[in-house]
Amino acid sequence: MKLKKIIALSAAVLLSLTGVNVPEKKSVNSAESTFQDVWFNNIDPSINGGEPIRGADVSSIISIEQAGVKFYNEDGQEDDLFRILAEHGVNYIRVRIWNEPYDSQGRGYGGGNSDLEKAKEIARRAAKYNMKLLVDIHYSDFWADPSRQTRPKYWAQHDHNTLKGEIYKWTSWVVESIDKAGGNIGMVQVGNETSCLFCGEDDMYKICDLFSSANKAIREYDKNILIAHHFPNPASGHYDWYAKVMDECKLDYDVFATSYYPYWHGSLDNLTSVLKGISQKYNKYVMVAETAYPYTNDDCDSYKNDVTSSGTNITLNYDVSVEGQKQCLTDVFKAVANVGSKGIGVFYWEPAWLGVYGLSLDEQKKLWNEYGSGWCSDYAVGYDKNVTAVGGSGFDNQALFDFYGKPLESLDVFEHIYPRKENNIPKLGAVVPEGKYRLKNLESGLYLTVADGEGKAGGNVFQYSANGAADYNTWQLVDAGDGYYRLYSGLGNGSTYLLDLDAGKADDKTNIGIYTDTKSDAQLFKFIKGDDKSYKIVTKSSGDKSAVEIANADKNDGANAQQFKLNGAGCQEWVLEPVEDYLLSGDMDGDGVIDSFDLLLLRRCLISQSKNEHGDINGDDSVNMADMVQLSRFLLGYKDVKLHQHGTPRNTIFPKSR
């Protein structure tokens, strides 16, 4: 990346020496790069809790993931895109919804195949990481923007009043469905980049009448949901007229939103001026619903980029680099903050719209058609006049992730937009193979054990010495989904008692024991990878904020296990030791003692020609008379006979309470 910046700087110097006129750029020196804090002052507490919207539109994510794109956190671990965004300060997710983005054979039009089902999944994932949702309803089966506002197929023949009724019913259904799916809806956007065109209608007064039916449906469902209307270009000179007509029509809405792509939509000063004028004259909140900027001219998916430094009819006032992208996004937030208390935030458009890097164009086309991960598929040709053939992402060079799915530094801009409340984000759990383990405390070297080896509901759990495995100090890890595990004690046949947080409390010093299955969060634990091949075992009841530890960092036998807030202490670190079935050759009856009874059982085994791996005394993977001879010699005291063993030895240290 540094080499690219040096090349770019050298090219700029060369151009200046040759007298070529180039647009003035805000040059950013990476060596001196720092983040600039942006403050939004006096935002109404009822608007996102008084925080500015630090938003991202990731409408294509489901299709992108289905195509095979993966994302990675700052530690290089594969991770959920939504967690990565939340950890970088994003607090709002925008998702577009199309009515029926499929042809008559059910084949998707592409662009994420952004139907209601995908929106519900995105809503659930956003809510998981405490991010609110802006529901962007296009009222179309495919893209709605300044060049097209095509009616859904099933609405094509409706007259105005019938269309108005369908808009009301569709809006109600969308909002209710997403809410019941678990989405935290903060705002609904009625129409997308509508200008004086919406759902095939081009009369602004009739458009407002259609808008009103959608707005009515939202208000009736939940009056606390903000209603936004979205327009495409603040440099058009038409914004005051749009707002004036909506005001004349007494349209009930809260937010006047705009797109702002700096290479198309004029200056930042004009953006601030236009939004401030709307907010003051019509008493509306204002925001940027879409913005983006390129960090490279390179291409990820063999499909041409929409914006590059060699493009025409664009103005690039920043370097095409990560630093330029970072500064541009910072300045867009500043422009909205400069509006005053009615400026409420910014959404970055499709910051993760990547292709699977390294594939040929034909391979990419196959994915775009199969999963809808490009901007369009071949199946959209009959519906959208702008579609002539399948196409990919023209925005991959404007993403906030590199082509391998790793975050760019520009993603960190969201962390510098204030005020900012703490977001208690669920931890990334390690993937631990299911199986039987002993859990050794890293600090004390002692094992998590059921007190007095007693299998009963409510039994206590402490740490204790061990020289092997027993049912009271082994734990069967069972994947419970979503990164959590259930830990079954070896007691009670290994399927009766689970590690259990007393009453599911989130408090510090909550006792840990065993209990029968309650199917509650009190019995769900997540393993967070630490250093020294150890793990922190966090509790779901605490929202991953507390961990299993040994009380008072005690290093003695019998010290109690409890829950306590994550603090990095060694008493919260655990080493997972896999337990393998123990085998001692010659121990035919499995009692841990080699005696004449074992010799008798081996003789019976040979006579019956039955198989018993304990009878393989000499380790040649067969049981025969040679093994009989070796076992006899061992019992007679010959020192040259060595019985082989493998697996985890049986524990002989009984865990008595203090």
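Treat the numbers as computed from the prediction; the structure is a model and nothing was measured. Counting begins at 1 with the first residue of the sequence.
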SB check Asp79 Arg83 (cutoff 4.0 Å): yes
Atom NZ of Lys128 with >12 non-hydrogen neighbours under 6.0 angstrom: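 Yes, NZ of Lys128 has more than 12 neighbouring heavy atoms, counting only those of other groups under 6.0 Å.
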Gap separating the OG atom of Ser657 from the CG atom of Asn560, nearest 0.5 angstrom: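 Output value for this atom pair is 9.5 Å.
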Spacing of CZ belonging to Phe525 relative to OG belonging to Ser541, to within rounding of 0.5 Å: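 Answer for the CZ-OG pair, Phe525 versus Ser541, is 7.5 Å.
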Spacing of CZ belonging to Arg94 relative to CD belonging to Glu350, to within rounding of 0.5 Å: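 Between atom CZ of Arg94 and atom CD of Glu350 there are 9.5 Å.
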Option from Leu498, Leu477, Ile514 for which side chain to side chain contact (heavy atoms under 4.5 Å, CB included) with Tyr488 holds: Leu498
Aromatic Phe35 / basic Lys326 pairing, under 6.0 angstrom, 45° off normal: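 Yes, a cation-pi geometry.
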Nearest heavy atoms of Gly355 and Asp301, plus distance in Å: CA-CB, 3.9 Å
Worked check of side-chain contact (heavy atoms from CB on, under 4.5 Å) between His416 and Val38: CA-CA 6 Å; His416 295 268; Val38 179; over 6 Å; no
Chi angles and distances behind the side-chain hydrogen bond (donor to acceptor under 3.5 Å, both in side chains) call for Thr539, Ser542: CA-CA 6 Å; Thr539 61; Ser542 71; 2.8 Å; yes
Polar side chain donor-acceptor pair, Tyr303 to Trp368, under 3.5 angstrom: no
Asp517, CG atom: more than 12 neighbouring heavy atoms under 6.0 Å: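 More than 12 within 6.0 Å, yes.
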Stepwise side-chain hydrogen bond (donor to acceptor under 3.5 Å, both in side chains) check, Tyr109 with Trp98: CA-CA 10 Å; Tyr109 290 160; Trp98 297 327; over 6 Å; no
Worked check of side-chain contact (heavy atoms from CB on, under 4.5 Å) between Asn493 and Asp471: CA-CA 8 Å; Asn493 297 319; Asp471 51 7; over 6 Å; no
SB check Arg125 Glu65 (cutoff 4.0 Å):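 Yes, this pair counts.
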Whether Phe395 and Trp353 hold their rings parallel, tilted or perpendicular, with breakpoints at 30° and 60°: parallel
Derivation of the side-chain contact (heavy atoms from CB on, under 4.5 Å) call for Val322 and Thr296: CA-CA 8 Å; Val322 174; Thr296 180; over 6 Å; no
Gap separating the CZ atom of Phe462 from the CG atom of Asn473, nearest 0.5 angstrom: 10.5 Å
Heavy-atom closest contact (Ala67 atom, Ser373 atom, distance): CB-OG, 3.7 Å
Pair Lys118 + Glu121, salt bridge at N-O below 4.0 Å: no
Donor-acceptor under 3.5 Å (Asp500 side chain, Gln523 main chain): no
Qualifying residue for ring pair (Phe, Tyr, Trp, His ring centres under 6.0 Å) with Tyr485, from Tyr437, Phe527, Trp475: Phe527
Residues, nucleotides or ligands: over 12 heavy atoms within 6.0 Å of Tyr418 OH: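 Yes, enclosed.
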Spatial distance of atom CG (Asp544) from atom NZ (Lys526) [nearest 0.5 Å]: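 That separation rounds to 4.0 Å.
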Ser444 and Gln463 side chains, donor-acceptor separation under 3.5 Å: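 Side chains of Gln463 and Ser444: pair found under 3.5 Å.
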Donor-acceptor contact present, side-chain Asp452 to main-chain Glu454, <3.5 Å: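 Answer holds: no.
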Shortest non-hydrogen contact between Leu400 and Ser410, atoms and distance: CD2-OG, 3.7 Å
Charged N-O contact under 4.0 Å between Lys180 and Glu176: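 Looking at Lys180 and Glu176, the cut-off is met.
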Test log, rule side-chain contact (heavy atoms from CB on, under 4.5 Å), inputs Gln563 and Val538: CA-CA 9 Å; Gln563 171 182 258; Val538 299; over 6 Å; no
Derivation of the side-chain hydrogen bond (donor to acceptor under 3.5 Å, both in side chains) call for Thr648 and Glu580: CA-CA 5 Å; Thr648 309; Glu580 298 180 5; 6.0 Å; no
Distance-only donor-acceptor check, side chains Ser360 and Asp362, under 3.5 Å: no
Distance-only side-chain donor-acceptor flag, Asp502 / Thr510, under 3.5 Å: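 Result is no, nothing qualifies.
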Leu81 and Phe71, any side-chain heavy atoms less than 4.5 Å apart: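 Phe71 vs Leu81: side chains touch.
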Electrostatic pair Asp554-Arg658, nearest N-O below 4.0 angstrom: yes
Salt bridge (charged side-chain N to carboxylate O under 4.0 Å, His left out), paired with Glu573, selected from Lys440, Lys536, Lys529, Lys533: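 Result for salt bridge (charged side-chain N to carboxylate O under 4.0 Å, His left out) with Glu573: Lys536.
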Sub-4.5 Å side-chain heavy-atom contact between Val461 and Leu448: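 Yes, side chains in contact.
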Side-chain donor-acceptor pair present, Tyr447, Glu577, cut-off under 3.5 Å: yes
More than 12 heavy atoms from other groups under 6.0 Å of OH on Tyr515: no
Heavy-atom pair with the smallest gap, counting every atom of Asn567 and Glu549: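 Shortest heavy-atom separation between Asn567 and Glu549 comes out as ND2-OE1, 4.3 Å.
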Greater than 12 external heavy atoms within 6.0 Å of Asn467's CG: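 Above 12, so yes.
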Test side chain to side chain contact (heavy atoms under 4.5 Å, CB included) applied to Tyr92 and Arg54, Met187, Glu51, Met131, the passing residue: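 One option only clears the test, and that one is Met187.
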Asp75, CG: over 12 other non-hydrogen atoms inside 6.0 angstrom: yes
Derivation of the side-chain hydrogen bond (donor to acceptor under 3.5 Å, both in side chains) call for Arg96 and Gln189: CA-CA 9 Å; Arg96 63 178 168 267; Gln189 180 184 305; over 6 Å; no
Between Tyr404 and Tyr357, ring centroids under 6.0 Å: yes
Least distance between heavy atoms, Phe414 atom then His88 atom: CB-O, 3.2 Å
Side chain Asp378, main chain Val390, donor-acceptor under 3.5 Å: yes
More than 12 heavy atoms of other groups within 6.0 Å of Lys427 NZ: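 For Lys427, atom NZ is not crowded (no more than 12 foreign heavy atoms under 6.0 Å).
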Approximate separation, where rounding is to 0.5 Å, of Ser489 OG and Leu499 CG: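 Atom-to-atom, Ser489:OG and Leu499:CG are 9.0 Å apart.
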Phe654 atom CZ: more than 12 heavy-atom contacts under 6.0 Å: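 Yes, because the 6.0 Å sphere around CZ of Phe654 holds more than 12 heavy atoms from other groups.
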Heavy-atom check, side chain of Trp574 versus side chain of Ile550, under 4.5 Å: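 Yes; the side chains approach each other to less than 4.5 Å.
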Arg438 to Gly468 - nearest heavy-atom pair and separation: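 The answer is NH1-O, 2.9 Å.
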Residues Gln562 and Asn511: side-chain donor-acceptor under 3.5 angstrom: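 Per modelled atom types, Gln562 and Asn511 side chains form no pair under 3.5 Å.
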